[in-house]
K.L.:
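Quick one: structure below, then a few questions.
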Amino acid sequence: MYVCGVTVYDYCHIGHARAGIVFDVIYRYLQYAGYEVTFVRNYTDIDDKIINRANQEGTDYRTIADRYIAAFDEDMDRLGLKKPTLEPKATDHIDDIIAIIKQLIANGHAYEAAGDVYFAVETFDDYLKLSKRNLEDMQAGARVEVDERKRNPMDFALWKGSKPGEPWWQSPWGQGRPGWHIECSAMSMRFLGPSFDIHGGGKDLVFPHHENEIAQSECANGCQFVKYWLHNGFVNINSEKMSKSLGNFFTIREVLELFDPEVLRFFILQAHYRSPLDYSDQNLREAQAGLTRIYEALAALDEALAGPAGNGTATPTLAELQDKAQQLLPRFKEAMDDDFNTAQALGVIFDLVRTLNRYLAEAGAPDAAGRQALTAIRDAFAEIGQVLGLFHSTPAHWLAQREADKAAQLTITPAEIEALIAERAQARTDKNFKRSDEIRDQLLASNIQLLDTPQGTSWKVK
RNA sequence: GGCGACGUAGCCAAGUGGUAAGGCAGAGGUCUGCAAAACCUUUAUUCAGCGGUUCAAAUCCGCUCGUCGCCUCCA
């Protein structure tokens, strides 16, 4: 499997996070399903945008590329992505790139023009087969500037002669650097061969990037390039694509200031990978609430298992729980087998959570049969969590963490809270409810939510 | 202008021919001195609109409206 990584010239935004997480889950699921997966994800570390950035900062392209490679690695690591099998860099494969270009020139699919080399799109009958367009229509509406050196305006650069001051490599066509697209053909071919199973990337790469990869690779090798193309949908802001040019993007770093990485992952997996996904604070908060609901159920499950076994009183929900426990993994697999439908898979989990909560409320201390079902559920969750990259925290820790997040914004000290709680407890004993309610309201104004239980009063930040 | 995708409850979102998953919010209940929290239950005779095919349509076909994307760098 080959997935287009990033061109390293800036920090990654949520769109990159989505692509990363989507293909991370696909990678994990394929392995879970028993496939041996070689996963290649590249860094494109030479490109116009990198050079521009370097010029702006008065440094060289290498400095920029290395900085943002490190930033990418850090971001993806925080998002909990498994490392791909291989993460090659374009600049380590200049020889491979040159070899492919030579081959394309030799068999008539490419031509040299004043130090540049272009791919001749008209020589490839299948051009645009992926995006289902045709050359005539494309040219009719084309915004491409006419370049006299090109035979057809749609021809694209395989090799670009370098201008003074630009980084360059020696080639049969003089000093220059690879065009965008060719590096992915070179690296996928190097590590996966001329033909491989899955190629992924964002929807915006369908044209021109992947279309051009197909043209280069199939013309060079004379065989089918890729069996299955997978493209993730965009992350939108107010129904509009998040993009650099619109300036409406959030970096991964910014979002992780506000939300746990697992919340972001959960949010992304709540939609099918091909659908558009609307990013907003509100939607992230809802995702956090949903994920916390699952953790709360797991915490209750852990607590029930930690306690003593019950006396075997039958509860009406036990049979349903046993059934759902047994069906959990098969239903999860069914959802994932259907084009990696993570939204459906999460629905299966919530469905189980509902039954689980009901059972725990009814059973109190579960009997042997109940404990067996609960243990099976916990094991299944561990398995599912492994595939989705979720549920890594212990439930108690997750819930404590959410409390800690909120406590960080507190304007009142725990000691003060405890003192007021003690005063309120006395007032309640004295049946002075006016005063006790006053204290409750006062604390609520400071964002403190009191939790009255038979065992006494505790509190949490609202 | 060309090509393509999408339109499911207040919001988010599964569902590609067999009679609408799930989440958030809302409502009711349990609990409570009253509340809150928590938990439980519940919430779309209906899937943008109009026609058609079919025993059967959110799912297939046609048209209309709306939103978005690609055609230029983009995950």
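Since the structure is predicted, the reported quantities are computational estimates derived from the model, not experimental observations. Here is how names work: the chains are called A, B, and so on, in the same order as the sequence lines, proteins then strands, and each is numbered from 1.
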K.L.:
I want to check one thing: is the phosphate of C34(B), taken as OP1 and OP2, less than 4.0 Å away from some side-chain N or O of Lys434(A)?
P.N.:
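No, no such contact exists.
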K.L.:
Using the closest heavy atom to pick a nucleotide of RNA chain B for each, name whichever of Val235(A) or Ser131(A) lands nearer the 5' end.
P.N.:
Ser131(A)
K.L.:
Under 4.0 Å, heavy atoms only, any strand: does Arg18(A) hit a base, just the sugar-phosphate, or nothing?
P.N.:
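No contact.
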K.L.:
With both distances under 3.5 angstrom, what nucleotide forms a Watson-Crick or G-U wobble pair with G18(B)?
P.N.:
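Partner of G18(B): C55(B).
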K.L.:
Apply salt bridge (charged side-chain N to carboxylate O under 4.0 Å, His left out) to Glu418(A) and list each qualifying residue two or more places apart in sequence or on a separate chain.
P.N.:
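Glu418(A) satisfies salt bridge (charged side-chain N to carboxylate O under 4.0 Å, His left out) with no residue once adjacent residues are dropped.
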K.L.:
Report which part of the nucleic acid Asn357(A) touches: base, sugar-phosphate, or nothing (heavy-atom distance under 4.0 Å, all strands).
P.N.:
sugar-phosphate
K.L.:
Classify the nucleic acid contact of Gly15(A) as base, sugar-phosphate or nothing, counting any heavy atom under 4.0 Å across all strands shown.
P.N.:
base
K.L.:
Looking at every strand, decide which applies to Lys203(A) at a 4.0 Å heavy-atom threshold: base, sugar-phosphate, or nothing.
P.N.:
nothing
K.L.:
Does Arg354(A) make a side-chain N or O approach to OP1 or OP2 of G22(B) shorter than 4.0 Å?
P.N.:
yes
K.L.:
Could you tell me how far G26(B) sits from A21(B) if I compare only their P atoms? Round to whole Å.
P.N.:
23 Å
K.L.:
Kindly point out which of C70(B), A75(B), C39(B) is positioned nearest to the side chain of Ala19(A)?
P.N.:
A75(B)
K.L.:
State whether the number of non-hydrogen atoms from other residues, nucleotides or ligands found under 6.0 Å of His392(A) atom NE2 is greater than 12.
P.N.:
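Counting neighbours around NE2 of His392(A), more than 12 heavy atoms of other residues, nucleotides or ligands fall under 6.0 Å, so yes.
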K.L.:
What residues, two or more places apart in sequence or in another chain, satisfy side-chain hydrogen bond (donor to acceptor under 3.5 Å, both in side chains) together with Asp125(A)?
P.N.:
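Per chain and number, Asp125(A) pairs via side-chain hydrogen bond (donor to acceptor under 3.5 Å, both in side chains) with no residue.
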K.L.:
At 4.0 Å (heavy atoms only), tell me whether Gly233(A) reaches a base, stays on the sugar-phosphate, or touches nothing.
P.N.:
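Result for Gly233(A) = base.
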K.L.:
Quiz question: going by heavy-atom distance under 3.5 Å, is there a donor-acceptor pair between the base of G33(B) and the side chain of Asp437(A)?
P.N.:
yes
K.L.:
For nucleotides 57-61 of chain B, list the nitrogen or oxygen atoms of the protein found under 3.5 Å from its nitrogen or oxygen atoms, one pair per line.
P.N.:
none

K.L.:
Report the base-pairing partner of C73(B) (Watson-Crick or G-U wobble, both distances below 3.5 angstrom), or none.
P.N.:
none
K.L.:
Using the test side-chain contact (heavy atoms from CB on, under 4.5 Å), find all partners of Arg440(A) that sit at least two apart in sequence or belong to another chain.
P.N.:
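Result, side-chain contact (heavy atoms from CB on, under 4.5 Å) vs Arg440(A): Arg424(A), Asp437(A), Leu450(A).
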K.L.:
Suppose we define a pair by two distances each less than 3.5 Å, Watson-Crick or G-U wobble; what does C6(B) pair with here?
P.N.:
G66(B)
K.L.:
Checking salt bridge (Lys or Arg N to Asp or Glu O under 4.0 Å) between Arg53(A) and each of Asp47(A), Asp10(A), Asp45(A), which is the one that passes?
P.N.:
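That would be Asp10(A).
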K.L.:
Whole angstroms only, please: what is the CZ-P distance between Arg133(A) and G4(B)?
P.N.:
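Arg133(A) atom CZ is separated from G4(B) atom P by 10 Å.
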K.L.:
I need the CZ-P distance between Phe350(A) and A25(B), as an integer number of Å.
P.N.:
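Spelled out: CZ on Phe350(A) to P on A25(B) is 11 Å.
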K.L.:
Can you name the atoms? Protein N/O to nucleotides 35-37 of chain B N/O, anything below 3.5 Å, with the distance.
P.N.:
unit_1, atom_1, unit_2, atom_2, d
A35(B), N6, Asp452(A), OD2, 2.9
A35(B), N1, Asp452(A), OD2, 3.0
A35(B), N3, Arg440(A), NH1, 2.7
A36(B), O2', Gln449(A), OE1, 3.0
A36(B), O2', Gln449(A), NE2, 2.0
A36(B), N3, Leu450(A), O, 3.3

K.L.:
Should the pair Phe350(A) and Phe266(A) be assigned to parallel (<30°), tilted (30 to 60°) or perpendicular (>60°) ring geometry?
P.N.:
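The arrangement is perpendicular - the two ring planes meet at more than 60°.
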K.L.:
Salt bridge check, Arg149(A) against Asp155(A): does any charged N sit closer than 4.0 Å to a carboxylate O?
P.N.:
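The answer is no: the pair does not qualify as a salt bridge.
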K.L.:
In the strands shown, is A13(B) matched to any nucleotide by a Watson-Crick or G-U wobble pair with both distances under 3.5 Å, and which?
P.N.:
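Partner of A13(B): none.
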K.L.:
Taking only the P atom of each, what is the distance from G49(B) to G10(B) in whole angstrom?
P.N.:
13 Å
K.L.:
Let me know the distance between CG of Leu356(A) and P of G23(B), rounded to the nearest Å.
P.N.:
13 Å
K.L.:
For Lys227(A), enumerate each residue passing the side-chain hydrogen bond (donor to acceptor under 3.5 Å, both in side chains) test, keeping only those at least two apart in sequence or located in another chain.
P.N.:
Asp197(A)
K.L.:
Hey, does the side chain of Arg265(A) reach the backbone of Gly80(A) with a donor-acceptor pair shorter than 3.5 angstrom?
P.N.:
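The answer is yes, because a donor-acceptor pair under 3.5 Å joins these two groups.
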K.L.:
Given atom NZ of Lys129(A) and atom C1' of G4(B), what is their separation to the nearest angstrom?
P.N.:
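Going from Lys129(A) (NZ) to G4(B) (C1'), I get 19 Å.
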K.L.:
With no hydrogens and no angle check, is any side-chain donor or acceptor of Asp367(A) less than 3.5 Å from a backbone partner on Gly370(A)?
P.N.:
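Side chain of Asp367(A) to backbone of Gly370(A): a pair is present.
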K.L.:
Between CZ of Phe250(A) and CD1 of Ile237(A), what distance do you get to the nearest 0.5 Å?
P.N.:
5.0 Å
K.L.:
Taking atom P in both G52(B) and C47(B), what distance in whole Å separates the two?
P.N.:
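It comes out at 16 Å once rounded to the nearest Å.
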K.L.:
Which residues pass the side-chain hydrogen bond (donor to acceptor under 3.5 Å, both in side chains) test with Lys460(A), not counting sequence neighbours?
P.N.:
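Result, side-chain hydrogen bond (donor to acceptor under 3.5 Å, both in side chains) vs Lys460(A): none returned.
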K.L.:
List for me each residue that meets side-chain contact (heavy atoms from CB on, under 4.5 Å) alongside Asp338(A), sequence neighbours excluded, and say none if there are none.
P.N.:
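Per chain and number, Asp338(A) pairs via side-chain contact (heavy atoms from CB on, under 4.5 Å) with no residue.
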K.L.:
From CE of Met242(A) over to P of G69(B), roughly how many Å is that when rounded to an integer?
P.N.:
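Atom-to-atom, Met242(A) to G69(B), this comes out as 13 Å.
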K.L.:
On the 0 to 90° scale, with breaks at 30° and 60°, tag the Phe225(A)-Phe196(A) ring pair as parallel, tilted or perpendicular.
P.N.:
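Phe225(A) and Phe196(A): perpendicular rings.
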K.L.:
Taking the same atom, C1', in U59(B) and in G18(B), what whole-Å distance lies between them?
P.N.:
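Nearest-Å result for U59(B) against G18(B) at atom C1': 11 Å.
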K.L.:
Not counting sequence neighbours, which residues clear side-chain contact (heavy atoms from CB on, under 4.5 Å) with Pro395(A)? List them please.
P.N.:
Tyr295(A), Leu298(A), Ala299(A), Asp302(A)
K.L.:
What residues, two or more places apart in sequence or in another chain, satisfy side-chain hydrogen bond (donor to acceptor under 3.5 Å, both in side chains) together with Arg371(A)?
P.N.:
none
K.L.:
With the threshold set at under 4.0 Å for non-hydrogen atoms, list the residues of residues 291-307 of chain A touching RNA chain B in residue-number order.
P.N.:
Arg293(A), Glu296(A)
K.L.:
Is the ring of Phe433(A) stacked on the base of G33(B), with centres less than 5.5 Å apart and planes under 30° off?
P.N.:
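Yes, Phe433(A) stacks on the base of G33(B), since the ring centres sit under 5.5 Å apart and the planes are within 30°.
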K.L.:
Considering only the C1' atoms, how many Å lie between A36(B) and G29(B), rounded to the nearest integer?
P.N.:
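The answer is 16 Å between these two C1' atoms.
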K.L.:
Would you give a per-nucleotide map of nucleotides 9-14 of chain B, 5' to 3', where B means the base has a protein non-hydrogen atom under 4.0 Å away, S means only the sugar-phosphate does, and - means neither?
P.N.:
----SS
K.L.:
Please state the C1' separation for the pair A56(B) and A20(B) - nearest whole angstrom.
P.N.:
15 Å
K.L.:
Between U32(B) and G15(B), how far apart are the two P atoms, rounded to whole Å?
P.N.:
44 Å
K.L.:
Any strand is fair game: report the nucleotide pairing with A44(B) by Watson-Crick or G-U wobble, both distances under 3.5 Å, or none.
P.N.:
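Pair assignment: A44(B) / none.
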K.L.:
Need the pair for C39(B). Rule: Watson-Crick or G-U wobble, both distances under 3.5 Å, any strand; none if unpaired.
P.N.:
G29(B)
K.L.:
When the P atoms of U54(B) and U43(B) are considered, how many whole Å apart are they?
P.N.:
35 Å
K.L.:
Do Glu57(A) and Arg67(A) sit within salt-bridge range, that is, some charged N less than 4.0 Å from a carboxylate O?
P.N.:
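Judged by the 4.0 Å cut-off on N to carboxylate O distance, Glu57(A) and Arg67(A) do form a salt bridge.
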K.L.:
Mind checking if Lys241(A) touches a base, just sugar-phosphate, or nothing, with heavy atoms under 4.0 Å?
P.N.:
base
K.L.:
RNA chain B: Asp338(A) or Val6(A), which has the more 5' nearest nucleotide?
P.N.:
Asp338(A)
K.L.:
What contact category does Phe23(A) fall into here, base, sugar-phosphate, or nothing, at under 4.0 angstrom with non-hydrogen atoms?
P.N.:
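Counting heavy atoms under 4.0 Å across all strands, no contact is made by Phe23(A).
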